[in-house]
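Since this is a predicted model, take the numbers as computed values, not measurements.
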Amino acid sequence: MTSLTAKDKDTVKAFWAKISPKAADIGADAFGRMLVVYPQTKTYFTHWKDLSPGSAPVLKHGATVMGGVAEAVSKIDNLTAGLLSLSELHAFTLRVDPANFKVLAHNLLVVLAISFPNDFTPEVHVSMDKFLAAVALALSEKYRTAKMTSLTAKDKNTVKAFWKKIAPKAAAIGADALGRMLVVYPQTKTYFAHWKDLNPGSASVKKHGATVMGGVADAVAKIDDLTTGLLNLSELHAFTLRVDPANFKVLAHNILVVLGITFPSDFTPEVHVAMDKFLAAVALALSEKYR
């Protein structure tokens, strides 16, 4: 959220002046593309009769989306406060997975490039990319509040008790989860391209899997204040490793799968939900320095 410089803001405002007259069409094109290229996003619009690009609902919602972007441009100096109502709407009423904000942002950038081939210079591109990333984070604000406060005392006790079972096998669980992630979500290999062997069971995967679970152990110990407790890890991933925070959720999913395989009898729905909420809270805490 602090990465938008004064120059970025001026660039966004100037480019928005060109976008504005075509905003509704751009929004409809970007939204329609998203539904085709990323069909999983159709989940939130199954009540529409027609999800095809150019349909009335897509045109209408595309215009609505760009109305939100216009509002963000006008509140660019304080996006978190400025977009709080929109964040509440998406978190508590629409219940949209915040990962989709980034997906829509990508499609917007593509359509902007198509619509303004001469004006969409690398300088404009980077400023718009940073701006839309900042908008996505601002829209995630109420998800952050909700999820970080949703760990009840019972959840915490469940996590701590289950961790005692995990701890002796933590390194192996971490290696399995990381190895699975690299196979099932191959795009995550980007961050480990310097490893000689990315195959499950390789020395590098085993070592990093143990490191990951060391971080989870640290989080269990600091479960009452994850944001403060994991601040150093957040700084490491944001400023040194530069890992896309969306991958925290991907890894969390793989950890949950491996926990289910490793503890088929103990991984009850109650344990599952507590661990899911805990890992979601860890992911949000690790995203702190990206904000």
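The closest donor-acceptor contact from the side chain of Ser202 to the backbone of Asn199 lies under 3.5 Å. In this structure, the side chain of Thr46 does not engage the main chain of Lys42 through any donor-acceptor pair within 3.5 Å. Judged purely by atom type and a 3.5 angstrom limit, Ser115 uses its side chain to pair as donor or acceptor with the backbone of Val111. Under the 3.5 Å distance criterion, the side-chain polar atoms of Asn107 are matched with a main-chain donor or acceptor of Val103. Using modelled atom types, no side-chain atom of Ser52 and backbone atom of Ser55 make a donor-acceptor pair closer than 3.5 Å.
Counting all heavy atoms, side chain and backbone alike, Lys169 lies closest to Phe263 at CD-CZ, 4.2 Å. The heavy-atom pair separating Lys18 from Phe116 by the smallest distance is O-CZ, 3.5 Å. Closest approach of Ala281 to Leu226, counting heavy atoms only: CB-CD1, 3.7 Å. Looking at every heavy atom in both residues, Asp50 comes nearest to Pro57 through O-CG, 3.7 Å. For Ala138 against Leu83, the heavy-atom pair with the smallest separation is CB-CD1, 4.1 Å. Annotation for Pro264 and Ile261: closest pair CD-O, 3.4 Å, computed over non-hydrogen atoms.
Here the straight-line distance linking atom CD of Gln187 with atom CE of Met181 works out to 8.5 Å at 0.5 Å rounding. With values rounded to the nearest 0.5 angstrom, Ile173 atom CD1 is found 13.0 Å from Asn254 atom CG. Atom NZ in Lys249 sits 9.5 Å away from atom CG in Leu284 (nearest 0.5 Å). Distance check: Asp218 CG to Ile223 CD1 gives 12.0 Å after rounding to the nearest 0.5 Å. Note that CD1 of Ile255 is 7.0 Å distant from CG of Leu259, once rounded to the nearest 0.5 Å. Distance NZ/Lys22 to CG/Asp29: 12.0 Å, rounded to 0.5 Å.
Checked against the 6.0 Å centroid criterion, the rings of Phe45 and Phe31 qualify as a close aromatic pair.
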**OP:** Report the C-alpha separation of Asp225 and Thr228 in whole Å, then their side-chain angles, then the decisive distance to 0.1 Å, and conclude whether the side chain to side chain donor-acceptor pair (under 3.5 Å) test is met.
**Re:** CA-CA 6 Å; Asp225 189 357; Thr228 302; 3.0 Å; yes
Original post:
Does the side chain to side chain contact (heavy atoms under 4.5 Å, CB included) test come out yes or no for Lys160 and Trp163, once each step is laid out?
Top reply: CA-CA 5 Å; Lys160 291 174 183 176; Trp163 181 256; 5.7 Å; no
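Contact annotation: the side chain of Asp266 never approaches that of Val271 to less than 4.5 Å [non-hydrogen atoms, C-beta and beyond]. Inter-residue side-chain proximity for Ile114 and Arg33 is flagged as met; some heavy-atom pair is nearer than 4.5 Å. The shortest side-chain heavy-atom distance between Thr262 and Phe267 does not fall under the 4.5 Å cut-off. Side-chain contact between Pro53 and Leu35 is absent, with no heavy-atom pair separated by less than 4.5 Å. The side-chain heavy atoms of Leu79 and Glu71, taken from C-beta on, include no pair separated by under 4.5 Å. With contacts defined as side-chain heavy-atom distances shorter than 4.5 Å, the pair Trp195/Val205 qualifies. Between Ser127 and Val12 there is a side-chain heavy-atom pair separated by less than 4.5 Å. Considering only heavy atoms from C-beta on, Met275 comes within 4.5 Å of Ile166 through its side chain.
Residues Leu51 and Val37 share a hydrophobic cluster, clusters being chains of Ile/Leu/Val/Met/Phe/Trp/Tyr side chains in contact below 4.5 Å. Both Phe131 and Val124 are part of a single hydrophobic cluster, where members link through side-chain heavy atoms under 4.5 Å apart. When hydrophobic clusters are built by joining Ile, Leu, Val, Met, Phe, Trp and Tyr residues whose side-chain heavy atoms come closer than 4.5 Å, directly or via intermediates, Val69 is not grouped with Leu59. Hydrophobic clustering, with ILVMFWY side chains joined whenever heavy atoms are under 4.5 angstrom apart, groups Leu233 together with Leu178. No continuous path of hydrophobic side-chain contacts links Leu104 to Val110 [ILVMFWY only; heavy atoms under 4.5 Å].
Side-chain contact of Asp8 with Thr5: a donor-acceptor pair under 3.5 Å is present, judged by distance alone.
Within 6.0 Å of atom NZ in Lys206, 12 or fewer heavy atoms from other residues, nucleotides or ligands are found, so the atom counts as exposed in its surroundings. Atom NZ of Lys60 sits in a sparse spot, with 12 or fewer heavy atoms from other residues, nucleotides or ligands closer than 6.0 Å. Counting heavy-atom neighbours within 6.0 Å of Lys156 NZ, excluding the residue itself, gives a total above 12.
Between Tyr38 and His106, the two ring planes are perpendicular [angle over 60°; tilted spans 30° to 60°].
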